[in-house]
Amino acid sequence: MSIWHLIILLIVVVVIFGTGKLRNIGADLGGAMRDFKKGLSGDEEDAAKRKQAEERLQADPPRAADSATQSQRDSSDAK
């Protein structure tokens with residue numbers, strides 16, 4: 001294919017679709033690529049956030065309930 005074939009093909013595409021539709025297609029394609037990149041980086045960010053949350057839970061475990069509260073729960077379960 002020579003440069004003339006490409007120019008004629010470009011003219012035919014512009015005549016058929018018009019410049020407005022071509023502009024919209026470009027914007028849609030750019031938005032799709034941006035969302036795809038965001039989705040790929042989002043997986044890494046989510047994994048990092050989960051890892052940080054797990055580390056915080058291991059470093060600061062929840063407080064144990066005092067014995068009076070536990071005995072109250074046990075007595076209410078027996079009823």
>> Nearest 0.5 angstrom please: Leu29 CG to Ile25 CD1, how far?
In response: 9.0 Å
> Looking at NZ of Lys38 and CZ of Arg34, how far apart are the two atoms once the value is rounded to the nearest 0.5 Å?
Replying inline: 9.5 Å
Could you list the donor-acceptor pairs under 3.5 angstrom formed between side-chain atoms of residues 4-17 and any protein atom two or more places apart in sequence or on another chain?
unit_1, atom_1, unit_2, atom_2, d
His5, ND1, Ser2, N, 3.2
His5, ND1, Ser2, OG, 3.1

